[in-house]
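What follows is a set of notes on a single structure, which appears directly below.
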Amino acid sequence: MGPGVRTPTLSKLFVKTKVVYVDKYTDVTEKRVREAEERKAKELREQAERERREIQEAERRDEERRRHQQHQEEQERLRNAERLRRLQQEALGERTKLLLYRFGDKHGLRNFATIDIRDMQQSARGLRIGMFGPSGSGKSSFINTCERAVKQTIRGTCETQTSGQEGTILVQEYLDNIGSKFCLVDTRGFFNYGNEEFTAMKNIVYGRIKAGEKIEVTGEEQVDESNSQDTFTDWLHAIVIVLSAKDPLLLDGTHTTNLNTIRHFMKPRGIAPVTVITHVDRVRGNHELERIKLKASAATGSPPNHVYFIQNYHPEHEERDFNTELQAMKILNAALVVGERFVKISKQQHQYDEETKQAAAARSRTRESIDDFFDMLCQTKKIPHDRFSPTISALKREDVTTTKLLRDHWTALENILPIGPRMKTYIKDALFEKS
């Protein structure tokens with residue numbers, strides 16, 4: 001080292017040296033701290049904005065769903081209102097038809113052109129529909145349902161049959177005061193369907209037991225159509241059989257056996273019963289309803305399309321149910337249809353029987369002798385037979401030996417007979433009254 005140059009000492013070198021340790025993973029500058037804070041704040045703001053938009057979208061979707069549900073509910077309300085309006089109109093139409101019913105409305109009067117139905121048209125009660133059914137079947141409730149549907153009341157007038165004296169039958173008419181030409185005839189008191197009750201039933205069918213009468217089943221005298229044609233308007237022209245869907249006697253086939261005699265009575269006479277099944281609210285499933293329908297059809301003899309289900313009005317149910325009323329009126333219409341058909345069949349058969357009898361009588365009169373004719377005339381008019389003896393002899397001399405010959409040649413023979421005008425009138429009336 002040259003002269004004049006100082007060499008620093010070692011101690012001075014160590015004093016000036018300063019060591020600083022820096023963490024390379026931590027940015028400790030103020031700028032970077034601020035940038036980090038701003039980024040964090042921005043992220044928080046963006047997150048808040050996203051959450052706000054999500055909430056708004058959720059609210060929008062909820063509002064859209066609410067409006068859609070309100071729209072659907074309003075549409076359903078309008079559809080229900082329209083269905084109710086249509087049911088009301090249909091019920092009003094059916095009720096009006098029943099109130100204005102006159103015999104022949106269902107089949108048309110042209111279908112009765114060849115038979116005399118003046119008695120049915122002039123009858124105050126018109127077509128009579130008999131109601132049959134065991135105790136507990138819901139028959140009384142069905143009658144009340146029909147009354148409420150047609151008369152627009154909140155109560156029926158038929159008392160529910162809860163008990164009764166076996167062997168006693170009460171016959172009562174309903175819907176006979178509405179101005180229409182039909183009525184329901186309730187037959188209360190049938191417990192079994194033995195021979196004695198079957199006889200009573202036939203007497204009701206043929207009008208020998210009148211409304212309001214209470215009769216004892218035992219000892220009833222049997223009648224049939226041959227001796228009751230004069231009371232045809234008092235007959236039952238249609239029959240409705242009411243059974244409960246939960247009746248064990250229906251489900252186990254007992255009714256099918258018990259009603260066998262009645263089925264054999266109705267079928268050849270053209271009586272097609274209508275069957276009503278009540279208490280359907282206690283049945284689950286269409287399959288079970290179909291099984292009950294087939295059992296009821298087998299028991300009563302009704303074709304399946306004449307087996308109807310109905311849920312009757314209950315006494316405490318005062319609100320109108322148009323479905324129930326429409327079904328009740330549908331059943332009444334079915335009964336009127338089969339009733340008119342029965343009247344036609346029955347009157348045609350009676351007309352045929354009368355024509356057959358008249359033809360047989362005409363054939364008999366063709367062979368009737370003069371002696372028999374005058375014997376009958378003497379008995380009818382209380383005339384001594386010897387007063388006609390000269391007349392009989394004169395006719396035989398003219399070879400007039402039968403009633404037919406006498407009637408055919410009466411104009412030529414009248415003036416030669418040896419009797420007075422009064423006797424000739426008796427003969428003429430008897431001859432041509434029989435022709």
Side-chain angles (χ1 to χ4, degrees), residues 96-132 143 146 150 169 171-187 199-213 215 220-240 265-274 331-362 433-435:
T96 301
K97 290 178 185 177
L98 289 172
L99 291 173
L100 297 177
Y101 172 77
R102 296 295 181 266
F103 184 83
D105 284 355
K106 299 303 174 183
H107 288 277
L109 291 177
R110 287 183 298 177
N111 284 282
F112 301 93
T114 60
I115 58 177
D116 185 3
I117 57 170
R118 286 175 297 177
D119 55 346
M120 294 298 299
Q121 293 175 314
Q122 296 169 4
S123 170
R125 292 166 300 178
L127 199 146
R128 304 178 78 233
I129 304 170
M131 310 295 296
F132 293 86
I143 293 174
C146 291
V150 177
I169 300 172
V171 179
Q172 189 65 47
E173 290 184 345
Y174 296 91
L175 293 179
D176 56 329
N177 57 352
I178 60 175
S180 187
K181 290 294 185 177
F182 77 92
C183 67
L184 303 182
V185 183
D186 185 24
T187 57
T199 298
M201 175 191 172
K202 289 201 295 184
N203 286 343
I204 295 173
V205 169
Y206 291 130
R208 294 304 186 184
I209 300 175
K210 303 296 191 299
E213 291 183 354
I215 64 161
E220 271 297 300
E221 180 183 354
Q222 181 170 320
V223 299
D224 56 31
E225 61 264 45
S226 62
N227 57 10
S228 58
Q229 279 290 334
D230 57 327
T231 61
F232 186 77
T233 55
D234 294 329
W235 287 22
L236 297 185
H237 310 107
I239 289 179
V240 174
F265 164 73
M266 293 189 293
K267 187 173 181 179
R269 290 167 175 79
I271 303 174
V274 173
I331 294 168
L332 291 177
N333 275 310
L336 292 174
V337 169
V338 299
E340 287 188 1
R341 178 177 175 271
F342 167 74
V343 170
K344 182 177 181 179
I345 291 173
S346 181
K347 283 186 170 289
Q348 281 179 330
Q349 184 61 47
H350 178 67
Q351 182 175 298
Y352 173 77
D353 292 342
E354 288 298 310
E355 290 173 352
T356 301
K357 289 179 182 178
Q358 292 175 6
E433 182 184 67
K434 292 184 178 182
S435 61

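- One distance of note links CD of Gln349 with NZ of Lys344; it measures 14.0 Å at 0.5 Å rounding.
- Residues satisfying the side-chain hydrogen bond (donor to acceptor under 3.5 Å, both in side chains) criterion with Asp176, sequence neighbours excluded, are absent altogether.
- Atoms CG and OG, from Leu127 and Ser180 in turn, are 10.0 Å apart once rounded to the nearest 0.5 Å.
- Partners of Leu99 according to the side chain to side chain contact (heavy atoms under 4.5 Å, CB included) rule, which considers only residues two or more places apart in sequence or in another chain, are Arg95, Val150, Ile178.
- Looking at heavy atoms from C-beta onward, Phe232 lies in side-chain contact with Lys347 at the 4.5 angstrom threshold.
- Atom CG of Leu184 sits about 11.0 Å away from atom CG of Leu236, to the nearest 0.5 Å.
- Side chain of Thr233 to main chain of Asp119: no donor-acceptor pair is present (N/O by atom type, distance under 3.5 Å, no hydrogens or angles).
- Listed by chain and number, the residues in a salt bridge (Lys or Arg N to Asp or Glu O under 4.0 Å) with Lys97 are Glu94 (sequence neighbours excluded).
- Ring geometry for Tyr206 against Phe265 counts as perpendicular: the plane angle is over 60°, on a 0 to 90° scale with 30° as the lower cut.
- Taking all atoms of both residues into account, the shortest heavy-atom contact from Ala335 to Ala238 is O-CB, 3.4 Å.
- Taking NZ of Lys202 as the start and CZ of Arg208 as the end, the distance is 13.0 Å to the nearest 0.5 Å.
- Looking at heavy atoms from C-beta onward, Ile129 lies in side-chain contact with Leu336 at the 4.5 angstrom threshold.
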Please list every donor-acceptor pair under 3.5 Å in which a side-chain atom of residues 103-112 meets a protein atom from a residue at least two apart or in another chain.
{"unit_1": "Asp105", "atom_1": "OD2", "unit_2": "Arg102", "atom_2": "N", "d": "2.8"}
{"unit_1": "Lys106", "atom_1": "NZ", "unit_2": "Asn333", "atom_2": "OD1", "d": "2.5"}
{"unit_1": "His107", "atom_1": "NE2", "unit_2": "Val337", "atom_2": "O", "d": "3.0"}
{"unit_1": "Asn111", "atom_1": "ND2", "unit_2": "His107", "atom_2": "O", "d": "2.3"}

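- Distance check: Ile115 CD1 to Met120 CE gives 10.0 Å after rounding to the nearest 0.5 Å.
- Under the 4.5 Å side-chain criterion, counting only non-hydrogen atoms from C-beta, Cys146 is not in contact with Tyr174.
- Counting only heavy atoms from C-beta outward, the side chains of Phe182 and Leu175 approach each other to under 4.5 Å.
- Between the side chain of Thr356 and the backbone N or O of Tyr352 there is at least one donor-acceptor pair closer than 3.5 Å.
- Judged by distance alone, with hydrogens and angles left aside, the side-chain atoms of Thr187 form a donor-acceptor pair with the main-chain N or O of Met131 at under 3.5 Å.
- Contact check for Ile239 versus Val205: side-chain heavy atoms found under the 4.5 Å cut-off.
- For Arg341, the side-chain hydrogen bond (donor to acceptor under 3.5 Å, both in side chains) test picks out no residue, with sequence neighbours left out.
- Scanning for side-chain hydrogen bond (donor to acceptor under 3.5 Å, both in side chains) contacts around Glu173 gives Arg125, Arg128, with sequence neighbours left out.
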